[in-house]
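Notes for the one structure printed next.
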Amino acid sequence: MQSQQPPIRAAVTGRRGMSSAAQEEMATKIIYFTINGRPEQAEFPVDCPAQDVKDLFRSAAEAGPHDILKLYNPKGNIVNISPQLPPNTPQSTYKLEVVAADCNSDPLGILGLEARARLRLQSLEKKILIEAGETPTIVHEMKRQVESFREKLESVEHLSWLGLFKELSDATHKPSPFYHKRTLRKTREECEHVRDKFLKMRQWEDAEIMVLLQVMYVDLDFISTFNIELEVLQQFLYEVYRRYNNIPFHNFKHCFCVTQMMYGLIWLTDLRSKMDSIDLLTLLTSAVCHDLDHTGYNNAYQINARTELALRYNDISPLENHHCAVAFELLEKVYPGHKLCVLATDMTRHNEILNKFKSILSVFDFGNKDHREVLMMILIKVSDISNEARPMDVAEPWLDCLLQEFFNQSDMEKLEGLPVSPFMDRDKVTKPSSQTGFIRFVLLPLFMELANLFPCLEQHIIHPVRKALDYYTEMEKALERENLNRAQIDKTGKSKEPSSSDSKEPDTSAEARSNLKPTAV
């Protein structure tokens with residue numbers, strides 16, 4: 001039907017007895033639209049029933065009762081087909097589309113019941129109007145029931161109440177005409193399944209971690225400030241992931257933990273208002289790269305074993321220099337402060353860096369480049385050893401991983417006849433003893449000095465570390481009591497053993513007791 005022909009008109013019901021002049025004076029609306037590129041126009045009264053308007057457009061599209069129609073405005077947005085459609089002009093037409101049709105899976109004609117019932121009602125309604133001049137209440141009620149039946153047909157997937165199953169797609173994979181009527185609400189079973197999975201999830205997958213790292217760069221405005229292409233950042237993070245090895249502690253997840261702590265410190269201390277963006281980018285990127293290609297063996301082992309790294313870097317922070325070198329390969333053009341930060345993670349320089357920070361703390365000036373560089377080293381150090389500032393159910397498993405890596409190194413040192421690192425020897429170190437000393441003499445002094453500059457960090461990093469110290473102190477006391485009880489039981493058991501004529505008294509010397517090794521918790 002071409003646009004130059006008379007417009008399609010909606011049937012006007014309930015107007016019997018009105019003069020033709022009065023009907024002409026009734027307000028009408030003309031809508032211009034296209035269907036398959038063909039121009040059409042529809043005319044209907046502004047108070048026309050919504051269903052009549054929909055039938056009008058369905059007729060123009062020559063669509064069947066099960067076809068789904070979509071109407072788009074000139075901006076390309078879907079609009080509702082109703083009497084409230086804003087009028088338009090031939091120059092700003094709507095676009096009508098038939099997007100789905102599927103009646104082949106209805107051999108019994110069940111899905112056509114609603115269409116036939118509606119057509120029967122329309123015929124009945126016209127007949128009553130001719131005779132009575134108005135629509136009786138019973139007809140309105142029947143129309144409501146037919147509409148309810150239609151909604152039920154189009155909103156249920158499994159028609160068990162009819163003994164039928166409604167196929168939602170056929171062999172040609174056409175879109176189902178019923179998808180838009182299916183409930184948008186998640187079922188309780190679906191929600192509970194996701195909730196259970198969420199509560200059981202203890203750690204992120206590596207791919208998810210890369211997304212989180214990307215979010216940090218975006219959230220700190222590094223992408224826009226330094227005009228970093230997102231694809232370049234993603235490739236960089238992927239290459240970083242590739243160069244973290246599968247070892248118990250210094251792995252890609254440790255990289256994320258350190259970077260996440262750095263990200264948190266930047267926000268908590270409002271460093272964005274105190275330092276240049278290039279310094280903040282340096283800090284975050286240093287955290288990402290700080291342990292690249294770590295092999296699980298520390299600097300002492302590298303030097304004692306005369307490894308290639310120790311020879312290459314003349315025994316000077318071989319691991320940290322290697323991390324920098326790998327990072328340089330990835331970054332190609334690194335930032336001036338990047339190497340400074342990564343080298344600061346060498347624990348042999350701990351006292352040197354901390355004392356330097358203490359000496360400038362009382363006169364600290366963010367405008368002083370040297371002061372900023374020392375602060376950046378302190379921040380990367382705090383981030384690197386920040387696990388005990390996390391909740392205990394997160395921190396303790398990381399300690400287990402670290403001890404696993406330490407014990408593996410001491411085993412290798414023994415096999416190769418190298419000096420055994422005392423704090424890594426599985427025969428001498430226990431879980432609580434390794435941590436109480438580290439917290440007292442390394443963590444707290446470092447964290448407290450940073451909190452002196454940023455008092456807001458007291459509750460975030462000092463309080464949880466003190467709780468961790470209390471936790472491991474109690475664990476250490478419990479382990480001591482356990483070892484004492486075992487020694488006493490062993491002593492009592494030996495004293496009750498029957499002695500032969502040439503037997504000796506049980507050996508209760510200090511040397512014998514020293515052979516009772518404490519059990520790791």
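Values reported hereafter were calculated over all heavy atoms of this structure, with side chains retained and with hydrogens, waters and symmetry mates removed. One is the number of the first residue; the rest follow in order along the sequence.
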Is it the case that over 12 heavy atoms from other parts of the model lie below 6.0 angstrom from the CD atom of E190?
yes

H290/H250 aromatic ring centres below 6.0 Å:
no

Return yes if a side-chain donor-acceptor contact under 3.5 Å exists between E239 and Q235, otherwise no.
yes

Under a 3.5 Å distance rule, please check whether E405 uses its side chain to pair with a backbone N or O of I247 as donor and acceptor.
no

Apply side-chain contact (heavy atoms from CB on, under 4.5 Å) to F222 and L280, showing your working.
CA-CA 9 Å; F222 294 154; L280 302 184; 3.8 Å; yes

Has E308 got more than 12 heavy atoms of other residues, nucleotides or ligands less than 6.0 Å from its CD?
no

Quick one: does any side-chain atom of T345 pair with a main-chain N or O of K381 as donor and acceptor, under 3.5 Å?
no

Look only at the side chain of T259 and the backbone of C255, and say whether a donor-acceptor pair between them is shorter than 3.5 Å.
yes

For D293 and N245: C-alpha separation, side-chain torsions, deciding distance, then whether side-chain hydrogen bond (donor to acceptor under 3.5 Å, both in side chains) applies.
CA-CA 6 Å; D293 198 34; N245 298 318; 3.2 Å; yes

Hey, mind stepping through Y297 and T307 against side-chain hydrogen bond (donor to acceptor under 3.5 Å, both in side chains) and telling me if it holds?
CA-CA 11 Å; Y297 299 93; T307 65; over 6 Å; no

Beyond-backbone contact of L379 with C341, side-chain heavy atoms, under 4.5 angstrom
no

Minimum heavy-atom separation for D370 and N368, please, with both atom names.
N-OD1, 2.9 Å

Which is it for Q214 and L230 under the side-chain contact (heavy atoms from CB on, under 4.5 Å) test, yes or no, and what are the steps along the way?
CA-CA 9 Å; Q214 175 183 310; L230 192 59; 3.7 Å; yes

Are the side chains of F236 and V232 in contact, using a 4.5 Å heavy-atom criterion?
no

Side chains of E449 and I378 in contact at under 4.5 Å (non-hydrogen atoms):
no

Within 6.0 angstrom of M392 CE, more than 12 heavy atoms from elsewhere
yes

Non-hydrogen side-chain atoms of V382 and L446 separated by less than 4.5 Å:
yes

For L343 and S317, which heavy atoms make the closest approach, and how far apart are they?
CD2-CB, 4.5 Å

Go through the steps for K477 and E480 under the test salt bridge (Lys or Arg N to Asp or Glu O under 4.0 Å), then give the verdict.
CA-CA 5 Å; K477 291 178 181 177; E480 290 173 354; over 6 Å; no

Can any side-chain N or O of N251 pair as donor or acceptor with the backbone N or O of K253 at less than 3.5 Å?
yes

Do F249 and H254 make the cut of ring centroids closer than 6.0 angstrom?
yes

So, do L233 and L213 sit near enough that their side-chain heavy atoms are less than 4.5 Å apart?
no

Please lay out, stage by stage, how D365 and R372 fare under the test salt bridge (Lys or Arg N to Asp or Glu O under 4.0 Å).
CA-CA 8 Å; D365 178 12; R372 290 199 310 273; over 6 Å; no

Looking only at atom types and distance, does a side-chain atom of N73 sit under 3.5 Å from a main-chain N or O of N77, one as donor and one as acceptor?
yes

Hey, is the main chain of D279 close enough, under 3.5 Å, to the side chain of D276 for a donor-acceptor pair?
no

Would you call H294 and H322 a side-chain contact if the rule is heavy atoms closer than 4.5 Å?
no

Pairwise side-chain contact, R440 with L444, heavy-atom cut-off 4.5 Å (strictly under):
no

Has the side chain of S434 got a donor or acceptor atom that lies under 3.5 Å from a matching backbone atom of K431?
yes

When you look at L375 and M275, which way does the side-chain contact (heavy atoms from CB on, under 4.5 Å) test go after all the steps?
CA-CA 11 Å; L375 173 61; M275 299 176 67; 4.2 Å; yes

Does E476 form a side-chain hydrogen bond (donor to acceptor under 3.5 Å, both in side chains) with T430? I'd like the steps, not just the answer.
CA-CA 8 Å; E476 188 172 26; T430 64; 5.7 Å; no

Decide whether T473 and D470 meet the rule of one side-chain donor and one side-chain acceptor closer than 3.5 Å.
no

Considering residues, nucleotides and ligands other than H193, do more than 12 of their heavy atoms fall under 6.0 Å from its NE2?
no

Sequence neighbours excluded, every pair satisfying ring-ring contact (aromatic ring centres under 6.0 Å, His included) that has a member inside residues 418-440:
F406-F423

Only counting residues at least two apart or in another chain, list the ones meeting salt bridge (Lys or Arg N to Asp or Glu O under 4.0 Å) with K414.
D425, D427

On a heavy-atom basis, which atom in A344 and which in I380 lie closest, and how many Å separate them?
CB-CG2, 4.0 Å

For K356, is the NZ atom crowded, meaning more than 12 foreign heavy atoms sit under 6.0 Å from it?
no

Main-chain N/O of S421 paired with E413 side-chain donor or acceptor, under 3.5 Å:
yes

Let's go through R306 and D315 carefully: what are the C-alpha distance in whole Å and the side-chain angles of both, what is the deciding distance for salt bridge (Lys or Arg N to Asp or Glu O under 4.0 Å) to 0.1 Å, and is it a yes or a no?
CA-CA 9 Å; R306 307 302 297 159; D315 295 348; 3.1 Å; yes

Would you say OH of Y72 has more than 12 non-hydrogen atoms from neighbouring residues, nucleotides or ligands within 6.0 angstrom?
yes

Test L309 against Y313 for side-chain contact (heavy atoms from CB on, under 4.5 Å), laying out the working first.
CA-CA 6 Å; L309 289 183; Y313 296 108; 4.2 Å; yes

What's the verdict on salt bridge (Lys or Arg N to Asp or Glu O under 4.0 Å) for E192 and R195, showing C-alpha distance, side-chain angles and the deciding distance?
CA-CA 5 Å; E192 289 179 352; R195 178 180 180 273; over 6 Å; no

Close side-chain approach of L319 and Q302, heavy atoms under 4.5 Å:
yes

Where the side chain of E396 meets the backbone of D393, is there a donor-acceptor pair that is under 3.5 Å apart?
no

Smallest separation among heavy atoms of A395 and R390, with atom names
CB-O, 4.1 Å

Do other residues, nucleotides or ligands put more than 12 heavy atoms under 6.0 Å from N485 CG?
yes

Does any N or O in the side chain of N408 come within less than 3.5 Å of the main-chain N or O of Q404, such that one atom is a donor and the other an acceptor?
no

Evaluate the criterion side-chain hydrogen bond (donor to acceptor under 3.5 Å, both in side chains) for residue pair E416 and N304; output intermediate values, then yes/no.
CA-CA 10 Å; E416 297 179 355; N304 292 330; over 6 Å; no

State, to 0.1 Å, how close A287 and Y244 come at their nearest heavy-atom pair, and which atoms those are.
O-OH, 4.4 Å

For residues F366 and F364, establish whether the separation of their ring centroids is below 6.0 Å.
yes

